[in-house]
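In what follows, a single structure is set out as structure tokens and then discussed.
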Amino acid sequence: MNLRPISTKGTATSVRLEDGHDDFTDLFEEAPIPYVHEAMDSRFIRANRAARSLLGVEPAEVTSTYGRSLIADTLESQQELDNAFASIREGGQVSGIVLELRRKDDGRPIWVEWSSRPAPNGLYTRTMLVDITHRVLIEQTKAALEFSLESGQVGDWDLDLVRNTSRRSLRHDRCFGYTQPVPDIEWGADTFFKHVHEQDRESVESTMREAVAALRDWSAEFRVVWADGSIHWLVAKGNIYRTTADGRAARMLGVVMDITDRKRSEEALAASERLARGQVDALTTTIEALATEADPERLLEHVLSTITMQLGAHSCGVWRKNEPDGQVRFESSYEKGRLFTSSDPSLTTASLTLPADDAMPWSAVLRTGSPGIMEDIRELRDFPWRARLIELGVVTILVIPMSIGSRVDGAVGIRFTSRRSFGAQEIELAQALVNQAMLSMQLTKLSAQSREAAVIAERNRMARDIHDTLAQGLTGVIVQLEAAADAQARGLMVETDTHIARASGMARESLTEARRSVRALRPIELDDGNLCDALEALIRKMTAGTTVNAAFALEGTPAKLPSEWEDNLLRAVKEVLTNVLRHSHASDFNARIAFKSSEVQLDLRDNGCGFDPDGKFDGFGLLGVHERVATMRGRLSLKSRLGQGTHYSISVPLDSKPQGSR
């Protein structure tokens, strides 16, 4: 056997090369950092275990996977990758590029720092991926939180209770009136307390210190005073999140928000509701007096007393315009709980006239019919009654005109013992009450000039008209204000503003209607349309923004009706619907008017709580409906049971005429 020697040199070299390749493969595969080799078209050549785990790629999928397919579909990421490969093709290298990727298996987003350099032969890239997903998500969460806080105008703070310093956002410092951040070292608990309004400071400081001592959460609403002296409302909340070794509070983390606009809205809403309820209370009291007072001379005293009480005034005086000489003459005043007239012995030394051409608010009020204000009579030059009023302690006088038709007949001076300013709603309330004073004086005049029956009839008409205008209109105002309060409690500020706007519109319309009643004109709803249009518009307006679903139906061909009938039918529907809104708790209201060959029939139904028709009722409304139907020689049918709603049916024969019509 011939044996040939074996070269050991070549074998040893081959073994070493194979061992080096295996070592490289093991090192590449087991490296804790994700590595990928990619062709210049981004197709994977190889990927180690860490890369496959990060990218959600199975071993068998590596060579069929393109890196570009894993890039998030965003312009920024796509552009970054294009620029990187362009640089690598030219022999350069890139590092630290942040890319957003999507895992191949489940599509979850991940973020990596992508670094790559070309292989020596230039045919592929050697890429390292560093997983920074956790860091990016933390940064995004932080940015989202900061955006949410800033968008909601919420400032955050971290109070070091041991060093009495704090870290705060700029939004926090803006809540206290600063446009630039206050250094952390300069803002501790004591600095915070100094900014709190002196009337709220003790409560805020004591509750916060108690919360710190007890290691519990703290919250408060309070006012702060800015450097410019303006007052703002804030709400703050905090909780203890770190304690010292001996168990005392060390750090408190919290938020603060400026709620000044909300507070002002709440105060305006509360003021509107108080004024509206004041109007209803005053009207109810006056209507009862109009319907029951046997002596018309006492009506004016009653109304002036109501004006003084409702407006929180000291007293009030009535002055009437005397056309022949142009002077304004004293008529009466309500002082010290009783009515003074021009013949009262205590006024023998007082001047009973004011010159109409004097440069005082009286002249402008009588000329324009608009209210005027004497803010401080002590600062005005002398005028008749000035010394007497100052002796009584009067400072401010609100002058409200009294009108008959389109003519200003006089004015009422409402007196206050402190310097006052007046909002639009207060002036509207004063005007409504002064209109009642004018009605009372007209009734007194009628009592001296007419037969007793005529006086009673006119008094009842005026009482009905007041009830059917101001009382019902102001009920609608209250319904809208209650809806606004509910919307505001649920944070619906747009709906709140809508309800307040409706309430304001209703108040103005009610005041207009009261003036029209003094002039004995037909309702404003009937000015521009027929009865059916007016009924539909009235129902829609009164139920707007409430929980009552209303419907109106017309049957037959509308017949031409006397204006008195249209007035009576419209006011009857207004009274019934007012009762529905105030008392019935109904969800549905249906009105139907049917024109038949011999009669007009009006049906009004609700699904409310109902009542006992034979029971005793307070108020003037249903009596007014009965009287209006009676003047048309019609019939009123009322059916109601507790829990089963109410049905009104009014029938008027078409061949009859209202009593007293021509």
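Residue numbers run from 1 in the order of the sequence given.
- A perpendicular orientation is assigned to the rings of Trp187 and Phe176, their planes being inclined by more than 60° (bins at 30° and 60°).
- Between the CG atom in Leu161 and the CZ atom in Arg248 there is a gap of 10.0 Å [rounded to 0.5 Å].
- Shortest non-hydrogen contact noted between Glu221 and Val235 is CG-CG2, 3.8 Å.
- Counting only distance, with no hydrogens or angles, the side chain of Thr207 and the backbone of Val204 share a donor-acceptor pair below 3.5 Å.
- A donor-acceptor pair is defined here as one N or O able to donate and one able to accept, closer than 3.5 Å; no such pair exists between the side chain of Arg223 and the backbone of Leu234.
- Between Lys194 and Glu205 there is no salt bridge, since no side-chain N of the basic residue sits under 4.0 Å from a carboxylate O of the acidic one.
- Ring centroid separation for the pair Phe589 and Phe552 does not come in under the 6.0 Å cut-off.
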Pair Arg46-Val36, side-chain contact (heavy atoms from CB on, under 4.5 Å): steps then yes or no: CA-CA 6 Å; Arg46 61 179 63 87; Val36 176; over 6 Å; no
Intermediate values then yes/no, side-chain contact (heavy atoms from CB on, under 4.5 Å), Ile45 and Thr63: CA-CA 5 Å; Ile45 299 172; Thr63 58; over 6 Å; no
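- The closest side-chain donor-acceptor pair between Ser115 and Ser95, if any, does not fall under 3.5 angstrom.
- Distance check: Ser166 OG to His172 NE2 gives 6.5 Å after rounding to the nearest 0.5 Å.
- A donor-acceptor pair under 3.5 Å is absent between the side-chain atoms of Thr127 and the main chain of Ser116, judged by distance alone.
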Derivation and outcome, salt bridge (Lys or Arg N to Asp or Glu O under 4.0 Å), residues Asp156 and Arg167: CA-CA 9 Å; Asp156 60 299; Arg167 180 199 60 76; 3.7 Å; yes
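- Residue Glu202 qualifies as open at atom CD: its count of foreign heavy atoms under 6.0 Å is 12 or below.
- No close placement of the His232 and Phe222 rings is indicated, their centers lying 6.0 Å or farther apart.
- With Thr543 contributing its side chain and Ile539 its backbone, the two residues share a donor-acceptor pair below 3.5 Å.
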Criterion salt bridge (Lys or Arg N to Asp or Glu O under 4.0 Å) on Asp190 and Arg209, from CA distance to verdict: CA-CA 11 Å; Asp190 295 336; Arg209 295 196 185 282; 3.5 Å; yes
CA sep, side-chain torsions, deciding dist, call: Glu100, Arg102, salt bridge (Lys or Arg N to Asp or Glu O under 4.0 Å): CA-CA 7 Å; Glu100 181 181 354; Arg102 294 291 184 269; 2.8 Å; yes
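- Across all non-hydrogen atoms, the minimal contact from Arg420 to Thr396 is N-OG1, 3.1 Å.
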Steps toward side-chain contact (heavy atoms from CB on, under 4.5 Å) verdict (Ile88, Met40): CA-CA 9 Å; Ile88 292 171; Met40 289 303 175; 3.8 Å; yes
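- Across all non-hydrogen atoms, the minimal contact from Ser219 to Lys237 is CB-CG, 3.7 Å.
- Between the side chain of Asn48 and the main chain of Tyr35, a donor-acceptor pair closer than 3.5 Å is present.
- Judged by the 6.0 Å and 45° rule, Arg68 forms no cation-pi pair with Tyr66.
- Closest heavy-atom contact between Ser169 and Gly155: OG-CA, 3.5 Å.
- One finds the CE atom of Met208 at 5.5 Å from the CZ atom of Phe193 (value rounded to the nearest 0.5 Å).
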Worked verdict on Val212 versus Met252 for side-chain contact (heavy atoms from CB on, under 4.5 Å): CA-CA 8 Å; Val212 169; Met252 176 179 271; 3.9 Å; yes
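- Looking at Leu99 and Glu80, their side chains come closer than 4.5 Å, going by heavy atoms from C-beta outward.
- Side-chain contact annotation: Thr191 with Glu186, donor-acceptor N/O pair under 3.5 Å absent.
- Using a 4.5 Å cut-off on side-chain heavy atoms (C-beta onward), Thr125 and Phe85 make contact.
- The number of heavy atoms from other shown groups lying within 6.0 Å of CZ (Arg163) does not exceed 12.
- Remark: of the listed residues Glu29, Glu61, Glu58, Glu29 is the sole one forming a side chain to side chain donor-acceptor pair (under 3.5 Å) with Arg52.
- Contact between Leu55 and Ile110 at its shortest, heavy atoms only, is CD2-CD1, 4.1 Å.
- The 12-atom threshold is exceeded at CZ of Arg126, counting heavy atoms of other residues, nucleotides or ligands nearer than 6.0 Å.
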Working for salt bridge (Lys or Arg N to Asp or Glu O under 4.0 Å), residues Arg43 and Glu38: CA-CA 5 Å; Arg43 180 179 58 82; Glu38 296 179 85; over 6 Å; no
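- With Ser265 contributing its side chain and Asp261 its backbone, the two residues share no donor-acceptor pair below 3.5 Å.
- In this structure, Ala50 and Ile33 approach most closely via the heavy-atom pair CB-C, 3.9 Å.
- Classified by interplanar angle (parallel below 30°, tilted 30° to 60°, perpendicular above 60°), the ring pair Tyr124/His37 is tilted.
- Taking the charged nitrogens against the carboxylate oxygens, Asp173 and Arg168 do have a contact shorter than 4.0 Å, which makes a salt bridge.
- Taken from CH2 in Trp233 to NE2 in His197, the straight-line distance is 9.0 Å, to the nearest 0.5 Å.
- In the model, Asp588 has a side-chain atom that pairs as donor or acceptor with a side-chain atom of Asn607 under 3.5 Å.
- Here the side chain of Trp226 pairs a donor or acceptor atom with the backbone of Cys175 at under 3.5 angstrom.
- Judged by distance alone, with hydrogens and angles left aside, the side-chain atoms of Asn164 form a donor-acceptor pair with the main-chain N or O of Ala189 at under 3.5 Å.
- Under the 3.5 Å distance criterion, with hydrogens and angles disregarded, no donor-acceptor pair is assigned to the side chains of Asp184 and Thr165.
- Atom CD1 of Ile231 and atom NZ of Lys263 lie 13.5 Å apart (nearest 0.5 Å).
- To the nearest 0.5 Å, atoms CZ (Arg242) and CG (Leu253) are separated by 10.0 Å.
- Side-chain contact between Trp114 and Leu129 is present, with at least one heavy-atom pair separated by less than 4.5 Å.
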